[in-house]
Amino acid sequence: MAASCVALVALSLCLPLLLLVAWKRWRRGRAARHVVVVVLGDVGRSPRMQYHALSLAKRGFSVTLLGFCNSRPHEELLQSDRIQIVSLTELQRLAVGPHILRYGVKVVFQAVHLLWKLMCREPAAYVFLQNPPGLPAIAVCWFVCCLYGSKLVIDWHNYGYSIMGLAHGPSHCLVLLAKWYEKLCGRLSHLNLCVTNAMREDLAENWGIRAVTVYDKPASFFKETPLDLQHQLFMKLGRTYSVFRARSEPSDAATERSAFTERAARSGEVTHLGGRPALLVSSTSWTEDEDFSVLLAALEKFEQLILGGESLPSLVCVITGKGPLKEYYGRLISQKHFRHIQVCTLWLEAEDYPLLLGSADLGVCLHKSSSGLDLPMKVVDMFGCCLPVCAVNFRCLHELVKHEENGLVFEDSEELAAQLQMLFSKFPDPAGKLSQFRKTLRESEQLPWDESWRQTVLPLVTDT
């Protein structure tokens, strides 16, 4: 009888322990195929992290994507039954008080809020974190990884402190604090990815961090847009933006016409309009690392060439994106009085952006990396659509744009204006330089993102 009582007591003591061990093993088994992707920014404007999530989901992982939901992500992400998007609350800076105090309140709120959201999720095998912004996300994600036994993967897109330095100057106390934090906490990760070889070398030499270069690649939906889809896009955008509307009415009232294309009433065939304007596209986050006054000055010079008798087409310049300096540049644009150039700023749905790039004649990139170590994703997308690009020069741009091979590199507005003149001098002649660049891009056979990810990232998350 006594022995039975002892056995029952021992069992009652051991049972909770056994249940705890079983529960932990169950959680660990579930975590092995679960990945959390963290973006302390707008998910819809973070294409690389969306692509990480999609590639993980295609390999059988369940993915929780945390970020601000200000813009609609790509439809493929929304349709995936393996991806759950969890919205983070974005706290706007306080309107009163010293700048440092306002920034501090925002950082503390983000840290507590992100910690709460992560703790409420199932444990994950990996936490993929976009940096920047890394303050306070790196420390918070590392802490949660320590609690759950997860592995932290930092994807270095740039240095956060260098972006802060554009607004405050490199010697500002906040910038110096951010640099110290980024350098210290960046070493806490299990794996590090980065966007260029130049950044990989800088991380190793100056930060003591070993990283793997994972170049940005275009997703499969970035490709040349068929002419009938171009026409549909122009007609759709024309309902909101006048630059896409026809300059004149067709002789047949049943013919459907945009500024660039028309669809015959009887056959339904879509053709380019004779004498159509050239479509120039640029995309931006409207931040300090892109100086759009360079483009506006080049457009003014291009206009003067037309007025001076040069045989050049009219231009429609479409600038896509959202950001803090949009209103400032909007005022500058409104002060211009072009006769042969129309400038339009807009924000496109995720599905329409690739269609626009695939319909354009030339892309322009004004991104100047704050660190000199990252590459503009917009150029990657443009190349995916076989769209020739003129890009402003900076330290590691040569890793993406090969001057006179797949595009042109310029230093200032004078050089950009000269390139626009040269590229559009025979527009739309298929023997012109613009068509030659497009032909080179078609023949380059770029490796798509998912295949590149399979070769570079997948082995890292299956072998560790």
Side-chain angles (χ1 to χ4, degrees), residues 47 218-219 221-238 240-246 258-262 270-273 275-284 290 292 295 298-299 302 312-321 340-367 376-392 400-401 406-408 410 416 419-430 432-442 444 446:
F221 41 78
F222 283 97
K223 54 191 175 184
E224 289 187 85
T225 305
L227 196 54
D228 60 332
L229 288 182
Q230 290 186 32
H231 180 73
Q232 292 177 31
L233 176 68
F234 295 148
M235 295 302 296
K236 174 184 175 181
L237 295 177
T240 307
Y241 305 102
S242 61
V243 298
F244 295 97
R245 296 174 195 154
S258 73
F260 310 94
T261 55
E262 69 176 7
V270 177
T271 57
H272 277 124
L273 285 177
R276 68 181 176 93
L279 178 56
L280 185 151
V281 173
S282 186
S283 59
T284 177
E290 292 178 292
F292 270 81
L295 175 58
L299 292 178
F302 189 86
L312 295 167
S314 299
L315 284 184
V316 171
C317 176
V318 176
I319 306 172
T320 73
H340 300 279
I341 297 173
Q342 293 176 287
V343 181
C344 175
T345 61
L346 49 76
W347 173 254
L348 292 172
E349 296 175 10
E351 284 69 40
D352 287 341
Y353 178 61
L355 295 177
L356 179 66
L357 295 188
S359 306
D361 299 300
L362 179 67
V364 172
C365 174
L366 295 160
H367 173 86
M377 184 75 179
K378 68 199 74 179
V379 174
V380 175
D381 296 338
M382 290 173 182
F383 282 172
C385 295
C386 299
L387 178 63
V389 172
C390 294
V392 67
L400 178 61
V401 182
N406 57 7
L408 297 173
F410 62 88
L416 176 57
Q419 291 175 1
L420 295 179
Q421 180 185 8
M422 182 267 291
L423 292 172
F424 289 124
S425 61
K426 295 184 178 180
F427 182 82
D429 186 353
K433 190 71 171 178
L434 204 57
S435 297
Q436 293 176 26
F437 282 143
R438 194 181 292 273
K439 182 173 181 291
T440 300
L441 290 168
R442 286 173 181 151
S444 63
Q446 300 179 72

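Keep in mind it's a predicted model, so treat the numbers as computed, not measured.
Atom-to-atom distance recorded for Cys390:SG and Met382:CE is 10.5 Å, nearest 0.5 angstrom. In this structure, CG on Asp381 lies 14.0 Å from NZ on Lys223, to the nearest 0.5 angstrom. Put simply, CD on Glu262 and CE on Met235 are 11.0 Å apart, with the number rounded to the nearest 0.5 Å. How far OG1 of Thr320 is from NZ of Lys378: 8.0 Å, rounded to the nearest 0.5 Å. How far CG of Leu356 is from CG of Leu346: 7.0 Å, rounded to the nearest 0.5 Å. Note that the CG atom of Leu312 and the OG atom of Ser425 stand 7.0 Å from one another [nearest 0.5 Å].
Within the 4.5 Å cutoff, the side chain of Met377 has no heavy atoms near those of the His367 side chain. The closest side-chain heavy-atom distance from Val318 to Leu237 is not below 4.5 Å. The side-chain heavy atoms of Val392 and Phe410, taken from C-beta on, include a pair separated by under 4.5 Å. At a threshold of 4.5 Å between non-hydrogen side-chain atoms, the residues Ser444 and Phe383 do not count as touching. Side-chain contact between Gln232 and Leu229: present, with at least one pair of heavy atoms (C-beta onward) separated by less than 4.5 Å. Residues Phe427 and Arg276 meet the side-chain proximity criterion, which asks for heavy atoms closer than 4.5 Å.
Within a 6.0 Å sphere centred on NZ of Lys426, heavy atoms belonging to other residues, nucleotides or ligands number 12 at most.
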Apply side-chain contact (heavy atoms from CB on, under 4.5 Å) to residues Leu315 and His340 and explain how you reach the verdict. CA-CA 6 Å; Leu315 284 184; His340 300 279; over 6 Å; no
I'd like to know whether Phe292 forms a side-chain contact (heavy atoms from CB on, under 4.5 Å) with Val343, so could you lay out the CA-CA distance, the side-chain angles of the two residues, the decisive distance to 0.1 Å, and finally the verdict. CA-CA 12 Å; Phe292 270 81; Val343 181; over 6 Å; no
Determine, stepwise, if the pair Phe234 / Val243 fulfils side-chain contact (heavy atoms from CB on, under 4.5 Å). CA-CA 9 Å; Phe234 295 148; Val243 298; over 6 Å; no
Begin from the C-alpha positions of Ser359 and Thr261 and carry the test side-chain contact (heavy atoms from CB on, under 4.5 Å) through to its verdict. CA-CA 11 Å; Ser359 306; Thr261 55; over 6 Å; no
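Taking both residues in full, the closest heavy atoms of Ala298 and Leu420 are given as CB-CD1, 4.5 Å, listed atom of the first, atom of the second, then distance. When all heavy atoms of Leu362 and Pro388 are compared, the closest pair comes out as CD1-O, 3.4 Å. For the pair Arg438 and Leu387, the tightest heavy-atom approach, listed with the atom from each and the gap, is NH2-CD1, 4.0 Å. Looking at every heavy atom in both residues, Leu423 comes nearest to Leu434 through O-CB, 3.9 Å. Taking every heavy atom of both residues into account, Pro277 and Ala259 meet most closely at CD-O, 3.4 Å. The two residues Tyr241 and Cys344 come nearest to each other via the heavy atoms CD2-SG, 3.7 Å.
Considering Leu233, Asp361, Leu279 as possible partners of Phe260, the one that fulfils the side chain to side chain contact (heavy atoms under 4.5 Å, CB included) test is Leu279.
Using bins of under 30°, 30° to 60° and over 60° for the plane-to-plane angle, the ring pair Tyr353/Phe222 lands in the perpendicular bin.
The main-chain N or O of Leu400 is found under 3.5 Å from a side-chain atom of Asn406 such that the two form a donor-acceptor pair.
At a cut-off of 3.5 Å, with distance as the only test, a side-chain donor of Thr284 or Glu290 sits close to an acceptor on the other residue.
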